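Reminder, nothing fancy here: chain letters follow the sequence lines and each chain counts from 1. Note that the structure is a prediction, hence the values are computed from the model and not measured.
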2 protein chains.
Amino acid sequence: MKKVTMADVAKKAGVSKSTVSQFLNKRFEYMSVETREKIAKAIEQLGYKPNYLARSLKQKRTSMIGIIVANIVHHFSTEVSRAIEDFFIEHDIHAILCNADNDPKKERRYIEMLQAKQVDGLIIFPTEQNLDLYKNLVESGYPVVFMDRKVDDVNIPSVKVNNSEATEAIIQHFIEYGHERISIVTQPLTISTRIERVNGYRKAIKENEMELNEDFIIRAETKDINSQLKLLFAKKNPPTALIAGNDLVFLEILEFAKENGLKIGIDFSLAVFDNIPFAHLVTPAVTTIAQPSYEMGEKAAQMLLSLIEKENSELQDVVYNCQLLIRDSSRIVRTK
Amino acid sequence: MKKVTMADVAKKAGVSKSTVSQFLNKRFEYMSVETREKIAKAIEQLGYKPNYLARSLKQKRTSMIGIIVANIVHHFSTEVSRAIEDFFIEHDIHAILCNADNDPKKERRYIEMLQAKQVDGLIIFPTEQNLDLYKNLVESGYPVVFMDRKVDDVNIPSVKVNNSEATEAIIQHFIEYGHERISIVTQPLTISTRIERVNGYRKAIKENEMELNEDFIIRAETKDINSQLKLLFAKKNPPTALIAGNDLVFLEILEFAKENGLKIGIDFSLAVFDNIPFAHLVTPAVTTIAQPSYEMGEKAAQMLLSLIEKENSELQDVVYNCQLLIRDSSRIVRTK
DNA sequence: TTGTACGCGTTATCAA
DNA sequence: TTGATAACGCGTACAA
């Protein structure tokens with residue numbers, strides 16, 4: 001794999017390296033047409049491709065950014081990442097996607113690796129467990145934007161949704177349809193997003209003067225959700241409506257229902273956080289609390305770019321509203 | 001964002017750059033314990049992080065590979081990419097994921113971009129439309145592996161499944177359940193995968209001495225599939241069984257069925273290529289022709305790594321078998 | 001309009 | 001056991 005360098009092109013064209021460099025950077029103003037053509041021909045013949053690596057080293061800019069998602073299996077992460085990648089490709093910036101797998105150690109490793117690779121900036125779905133590291137990033141002035149989650153006491157701008165309000169809204173919806181026992185099912189409360197949702201849950205229950213039953217708040221790893229649901233539904237007064245924290249939880253609920261012969265929309269109502277691509281196609285169609293993932297990704301990308309280009313060093317958090325998409329799975333009216 | 005370099009560490013520790021480099025590369029054999037400690041302390045205090053970029057320039061190896069998928073929305077691509085990334089991360093190699101979006105121009109652009117970035121190798125879901133480019137890659141000795149598709153006349157090893165045989169198997173299954181009019185629905189026949197499946201379809205129909213109806217072979221862009229299905233089902237003798245070419249086609253079929261009040265498993269039977277994550281959870285559960293996507297990704301990654309490390313320059317194509325997962329959507333017995 | 005020379009942060013070679 | 005020096009491939013003053 002013989003590499004052809006600028007020097008080779010220069011020799012072939014009978015000019016100096018700098019002239020070739022000029023050519024590549026399209027500074028034709030002071031270049032004779034002949035030289036220009038000679039160089040073009042030489043490049044063509046040799047099949048020369050500039051080495052971005054060397055250029056990056058010199059320019060101290062790699063035109064690469066890193067995305068660290070908490071859990072790549074989560075559909076929301078995928079959508080957001082896609083948006084970020086799309087945005088940056090328009091600016092000739094490549095994204096490297098890393099999956100921290102909800103593991104703070106992996107997150108740390110990736111952050112350090114990406115910095116070593118000199119990426120120009122980072123968009124992180126933080127595990128929220130590496131405070132010192134986040135603070136280091138801020139101090140060293142590294143361009144970073146947080147996604148989906150917020151970390152207190154760290155001055156990094158974040159893009160997220162109004163989790164609390166969205167949860168209140170879906171509960172309001174359930175109440176209007178006559179539900180009196182509503183349960184929320186989520187993964188462990190290690191991150192702000194889930195905490196906010198449970199806070200919204202508590203608030204809504206309280207404000208509606210309903211009984212707050214702690215057993216109705218399931219916070220468990222996905223692998224344990226099925227058994228927890230079994231316990232919940234074995235109670236004398238099981239819930240009549242469930243709120244699923246994300247698409248992964250939703251699949252667990254589906255599995256639970258299937259195994260236990262419960263029909264969604266009949267035996268219990270259901271609403272799910274996240275965009276489920278097939279939500280409107282299954283029977284019954286599933287009510288979702290959709291996050292504007294594409295806009296969120298785009299926004300974060302914009303913010304990061306402005307940080308990279310130093311246009312703006314003091315960015316505000318951005319909070320999006322969720323959209324409640326009512327479908328059949330939550331439309332049953334409960335008459336006690 | 002002041003960058004601290006090896007020179008800074010060297011100065012602080014009172015040694016030369018070369019010694020620091022030795023230290024970083026763990027060549028401690030001929031190094032006094034004191035120097036070692038001095039350097040370690042200096043690195044610690046300055047918060048020094050080696051610059052991989054400079055290292056890569058020198059070593060002519062970036063520890064990055066590129067993945068170019070044809071269509072990132074396709075679930076199969078995601079699974080394969082995940083497997084590739086997982087494999088390479090174990091070897092401290094980062095993957096850059098690019099979405100060619102089924103566009104040969106984009107594919108070309110990405111290949112060139114990734115080469116300019118000096119990635120160590122490429123795994124490509126080829127559009128099959130850039131023959132000259134593929135040939136160039138081979139000639140320049142660039143490590144490349146094709147995924148999912150095969151390109152004739154180009155000496156690049158590929159990892160794929162036995163599309164033709166898998167299609168024959170599903171048709172055999174349908175026939176056993178009494179179907180006499182089976183249709184295959186796929187995207188346009190621009191790539192080997194789809195061509196092989198349609199070939200398998202033709203072969204199976206012929207061998208079973210059934211009537212080969214060209215109208216029963218739908219090859220259309222996803223956006224046109226719905227209307228094509230409408231035409232198909234408006235015929236006097238519509239098919240009683242459908243084979244969907246992938247998950248995107250499947251969603252179109254779901255949509256079509258919903259809009260026209262047709263019930264899957266009742267009004268027609270269905271089998272789908274690809275792993276649909278929720279296939280067993282919906283009603284009726286969907287019969288799938290699963291590709292071993294994770295193994296395929298892993299295999300391709302292994303092959304690429306061996307090419308990169310020059311262990312092996314003549315690799316064979318690898319063909320995996322699909323697994324037929326019979327579920328309710330195809331279990332109805334047709335009695336004419 | 002073009003060429004020379006140096007710097008970017010490493011690593012490799014070879015002396016010391 | 002350590003250090004000086006030359007690469008790696010490109011960009012850019014500054015000189016010519």
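Ring centroid separation for the pair B:Phe125 and B:Phe146 does not come in under the 6.0 Å cut-off.
The span of DNA chain D lying next to chain B, judged by atoms under 4.0 Å from heavy atoms, is bounded 5' to 3' by D:dT1 to D:dG9. Interface limits on DNA chain C: the 5'-most and 3'-most nucleotides within less than 4.0 Å of chain B heavy atoms are C:dG9 to C:dA12.
Note on A:Ser21: a base of the nucleic acid sits closer than 4.0 angstrom, heavy atoms only. Within 4.0 Å (heavy atoms only), A:Lys17 reaches at least one base atom of the nucleic acid. Using a 4.0 Å heavy-atom distance criterion, A:Val20 is classed as making no nucleic acid contact. Backbone-only contact: A:Met31 has heavy atoms under 4.0 Å from sugar-phosphate atoms and none from a base. Contacts of A:Ser56 with the nucleic acid, taken as non-hydrogen atoms under 4.0 Å apart, are absent. A:Ser18 comes within 4.0 angstrom of a nucleotide base, judged by non-hydrogen atoms across all strands.
Within the 4.5 Å cutoff, no side-chain heavy atoms of A:Val151 are placed close to those of A:Ile156.
With DNA chain C read from its 5' end, the first of the two nearest nucleotides for B:Gln22 and B:Tyr48 is the one closest to B:Tyr48. Nearer the 5' end of DNA chain D, as judged by each residue's closest nucleotide, is the contact made by B:Thr35, out of B:Thr35 and A:Lys49.
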Exercise for review: Would you sort out whether B:Val138 and B:Val144 count as a side chain to side chain contact (heavy atoms under 4.5 Å, CB included), showing the intermediate values?
Suggested key: CA-CA 8 Å; B:Val138 179; B:Val144 184; over 6 Å; no
Review point. Can you check side chain to side chain contact (heavy atoms under 4.5 Å, CB included) on B:Leu137 and B:Ile111, steps first, answer last?
Key: CA-CA 9 Å; B:Leu137 288 172; B:Ile111 291 179; 4.1 Å; yes
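Side-chain atoms of A:Asn99 and A:Tyr110 form no donor-acceptor pair, as typed in the model, at a separation below 3.5 Å. With no hydrogens or angles considered, a side-chain donor-acceptor pair links B:Ser16 and B:Thr19 at under 3.5 Å. Donor-acceptor pairing under 3.5 Å is lacking for the side chains of B:Ser56 and B:Gln118. A:Thr127 and A:Glu107 share a donor-acceptor pair across their side chains, judged by distance under 3.5 Å alone.
Relative ring orientation between B:Phe88 and B:His91 is described as perpendicular, the plane-to-plane angle rising above 60° on a 0-90° scale split at 30° and 60°.
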